[in-house]
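Just below is one structure, and these are the notes that go with it.
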Amino acid sequence: MQIDYTDKQPKTLLNKGTGFLAGYSHSLNPYTGCAFGCSYCYVRKMPVSLFRGKEWGTWVDIKKQSAALLQKELIREKKKGPVTIFMSSSTDPYQQIEYKEEITRSLLEVMTGYPPDFLLVQTRSPLVKRDIDLLKQLGTHVRVSMTVETDLDDVRKHFSPSAPPVQARLNALQRLREEGIPTQVAIAPVLPSSEAFPELLRPVVDLVCIDDFFMGDGAQGKRTQQLGIRAKYEELGFSDWYNREAYKVVVSRMLEVFPEDRVRISQEGFAPF
Ligand code: SF4
């Protein structure tokens with residue numbers, strides 16, 4: 001798909017953590033828009049997308065020269081109190097254009113000099129491996145949360161065809177773990193998966209966060225409803241998986257393999273520290 005890329009000069013980078021991210025002092029989005037364009041993405045129903053007038057997933061604004069701005073903001077915010085950052089809430093910091101632009105990498109470079117108290121890197125891209133050198137420097141003050149919504153790549157392709165394959169994400173988790181970077185898997189949103197899923201995760205991660213459309217779309221499932229995801233489930237024969245209880249199937253499967261305190265639900269799973 002052709003993506004419309006635009007260079008922008010941001011005025012601010014660190015935004016106050018609110019709502020689902022209330023546990024964080026700030027959120028940080030290196031890009032506006034997201035070329036992964038997942039069909040279920042709740043950002044589709046947020047003002048940033050609604051007022052753009054273009055299909056979500058077809059445009060990305062590149063926040064140029066962000067490093068100097070972040071440095072200024074970090075110095076200011078660190079004087080006020082603990083700085084805990086969620087990167088990112090409405091884009092993927094390691095989408096395709098990051099290979100070339102290295103905006104996210106430049107922000108991590110700043111953070112190694114002015115470390116936040118905690119940084120959660122939320123992505124579904126194996127490109128995060130490129131920045132292992134910087135992530136290592138942040139030590140226990142960072143956690144990489146890799147989205148793996150299902151172990152079934154055919155299911156993933158129905159909902160998120162432009163995002164990286166499941167196996168590439170699992171390989172990335174393994175590599176990060178080998179390098180000693182704190183990691184978790186985010187099964188979020190829960191998509192239909194198989195009984196083999198826990199055993200695939202066991203060797204590559206020791207913390208599991210599970211979230212679904214009803215707890216995690218910021219509107220008790222209403223945004224997801226508006227996106228027509230229920231109809232997609234019905235069309236694909238997955239109706240049994242579209243309800244408020246379905247995530248519990250995944251929780252109980254994970255608990256057969258992971259200790260109880262290593263399986264976390266929704267907001268708790270994304271919390272800092
Ligand atoms: S990767 Fe995240 S931000 Fe990007 S489209 Fe998918 S859900 Fe939305």
Side-chain angles (χ1 to χ4, degrees), residues 1-6 8 13 15 17-21 24 27-52 54-63 85-99 101 103-104 107 120-129 144-150 153 155-166 168-170 172-173 184-191 209-219 221-229 232-233 247 266-267 269-270:
M1 183 190 290
Q2 181 69 30
I3 309 292
D4 184 5
Y5 290 107
T6 309
K8 290 279 165 106
L13 279 170
N15 290 308
T18 55
F20 195 83
L21 300 182
Y24 285 84
S27 64
L28 173 58
N29 291 287
Y31 300 92
T32 310
C34 183
F36 288 155
C38 309
S39 60
Y40 54 69
C41 180
Y42 61 83
V43 186
R44 288 173 178 271
K45 289 292 169 195
M46 296 176 80
V48 64
S49 171
L50 292 174
F51 294 122
R52 187 68 176 220
K54 290 181 191 163
E55 175 75 13
W56 180 253
T58 66
W59 59 272
V60 175
D61 292 346
I62 301 160
K63 296 186 182 177
I85 300 175
F86 189 100
M87 179 175 83
S88 298
S89 56
S90 58
T91 190
D92 193 306
Y94 287 104
Q95 59 185 291
Q96 298 93 316
I97 193 66
E98 173 63 16
Y99 281 94
E101 292 290 339
I103 306 293
T104 300
L107 299 178
L120 188 119
V121 177
Q122 175 59 51
T123 184
R124 64 197 68 210
S125 168
L127 176 56
V128 65
K129 290 183 297 183
V144 175
S145 178
M146 177 70 72
T147 297
V148 187
E149 315 96 308
T150 172
D153 211 44
V155 173
R156 191 272 307 164
K157 283 180 195 161
H158 283 302
F159 293 90
S160 191
S162 300
V166 168
R169 304 186 208 182
L170 295 175
L173 274 170
Q184 67 176 39
V185 64
I187 307 174
V190 165
L191 293 179
C209 164
I210 299 172
D211 202 1
D212 71 2
F213 296 126
F214 303 97
M215 298 180 283
D217 80 345
K222 289 196 194 94
R223 286 194 185 119
T224 308
Q225 187 81 17
Q226 290 166 5
L227 292 170
I229 298 298
K232 205 170 172 71
Y233 269 63
Y247 80 94
S266 195
Q267 199 168 8
F270 292 103

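Only heavy atoms go into these numbers, but all of them, side chains included; no hydrogens, no water, no symmetry mates. Each ligand, and each atom within it, is numbered from 1 in the order the structure gives.
Among protein heavy atoms, the minimum distance from atom 6 (Fe) of ligand 1 is reached at Cys38 SG, 2.3 Å.
Heavy-atom separations between Trp56 and ligand 1 include at least one value shorter than 4.0 Å. Using a 4.0 angstrom heavy-atom cutoff, Thr91 counts as in contact with ligand 1.
Atoms of ligand 1 lying under 4.0 Å from any heavy atom of Phe36, numbered from 1 in the order shown and given with element: 1 (S). Within ligand 1, the atoms closer than 4.0 Å to a non-hydrogen atom of Gly37 are 5 (S), numbered from 1 in the order shown.
Residue side and main chain included, Cys34 places no N/O/S atom under 2.8 Å of atom 8 (Fe) of ligand 1. Among the atoms of Cys41, none of the N, O or S atoms falls under 2.8 Å from atom 6 (Fe) of ligand 1.
Residue contacts with ligand 1, taken as heavy atom pairs separated by less than 4.0 Å, involve Arg124 solely via side-chain atoms from C-beta onward.
Side-chain rings of Tyr233 and Phe159 approach one another, their centers coming within less than 6.0 Å.
Residues Tyr40 and Glu149 have side chains that bring a donor and an acceptor to within less than 3.5 angstrom of each other. Of the N and O atoms on the side chains of Ser125 and Gln95, not one donor lies less than 3.5 Å from an acceptor on the other residue.
Just one residue in the list Leu21, Val43, Leu120 forms a side chain to side chain contact (heavy atoms under 4.5 Å, CB included) with Ser89, and that residue is Leu21.
Taking the charged nitrogens against the carboxylate oxygens, Arg52 and Asp4 have no contact shorter than 4.0 Å, which rules out a salt bridge.
Residues satisfying the side chain to side chain contact (heavy atoms under 4.5 Å, CB included) test with Ser266, not counting sequence neighbours, are Phe20, Asp211, Met215.
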